*Asks:* 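Structure incoming, see below.
Everything numeric in this text was worked out from a predicted model, so none of it was measured.
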Amino acid sequence: MRFPRRTMLSAWLIPAMLSMSATLYAAEGTVIIARDCDYVLLDSQEGQILIKMIKGERPKTGDKLAGKLERGFSELTNKRTSETMKVWVDQVDPSGSKALMHYSQYCN
């Protein structure tokens, strides 16, 4: 049986695009400050990111967290432990100074 070329291309292209979309939207940040506080400071390509831990194991300095790093609630995965955590992304700061200042205010 012979399949039309368009059908074969669609059967291959759609799953490939769906698997790529998850990768494209997953950002990654490295924990730069994680002390005994509800907040954690990350460094990423978007700048410094301040997150508030809601549920899950607190990451350690140097851990890489992957997921949606945009303001609002998010679920991140710690690449070291493969554990997921629920967080509130409080601030995404391209310059880094505001996120660090807020971290020091919240975690003095």
*Asks:* Enter the distance from C107:SG to D38:CG here, rounded to the nearest 0.5 Å.
*Replies:* 7.0 Å
*Asks:* How long is the straight-line distance from CZ of R58 back to CG of N78, given to the nearest 0.5 Å?
*Replies:* 12.5 Å
*Asks:* So how far is it from T30 OG1 to L42 CG, rounded to the nearest 0.5 Å?
*Replies:* 8.0 Å
*Asks:* Is D63 salt-bridged to R80, cutoff N-O under 4.0 Å?
*Replies:* yes
*Asks:* Side-chain contact, heavy-atom cut-off 4.5 Å: L76 with L69?
*Replies:*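 In contact.
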*Asks:* Looking at every heavy atom in both P59 and A34, which two are closest together, and how far apart are they?
*Replies:*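 Between these two residues, the closest heavy atoms are O-CB, 3.4 Å.
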*Asks:* Over all heavy atoms of both residues, which pair between K98 and D93 is shortest? Give the atoms and the distance, please.
*Replies:*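 That would be N-OD2, 2.7 Å.
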*Asks:* Do I32 and Q48 come within less than 4.5 Å of each other through their side chains, counting heavy atoms only?
*Replies:*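 A side-chain contact under 4.5 Å exists here.
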*Asks:* Counting heavy atoms not belonging to Q105, are there more than 12 under 6.0 Å from its CD?
*Replies:* yes
*Asks:* Can you name the nearest heavy-atom pair linking E70 to V89, along with the distance?
*Replies:* O-CB, 3.2 Å
*Asks:* What's the shortest heavy-atom distance between V40 and M53, and which atoms?
*Replies:* CG2-CG, 4.1 Å
*Asks:* Side chains of F73 and V87: does their closest heavy-atom pair fall under 4.5 Å?
*Replies:*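 No - every pair of side-chain heavy atoms lies 4.5 Å or more apart.
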*Asks:* Roughly how far, to the nearest 0.5 Å, is NZ of K86 from CD of E75?
*Replies:* 4.0 Å
*Asks:* Please check this pair: side chain of S74 against backbone of K68, looking for a donor-acceptor N/O pair closer than 3.5 Å.
*Replies:* yes
*Asks:* Is there side-chain contact between L65 and M85, with heavy atoms separated by less than 4.5 Å?
*Replies:* yes
*Asks:* List the atom of A27, the atom of E46, and the distance in Å for their closest heavy-atom pair.
*Replies:*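 Distance-wise, the nearest heavy atoms are CB-OE1, 4.4 Å.
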*Asks:* What is the distance from atom NZ of K64 to atom NZ of K79, rounded to the nearest 0.5 Å?
*Replies:* 8.0 Å
*Asks:* Quick check, are the ring centers of Y39 and Y103 under 6.0 angstrom apart?
*Replies:* no
*Asks:* Using the side-chain contact (heavy atoms from CB on, under 4.5 Å) definition, which of the options L41, L100, V92 pairs with L50?
*Replies:*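 So, applying the side-chain contact (heavy atoms from CB on, under 4.5 Å) to L50 and each of L41, L100, V92, only L41 qualifies.
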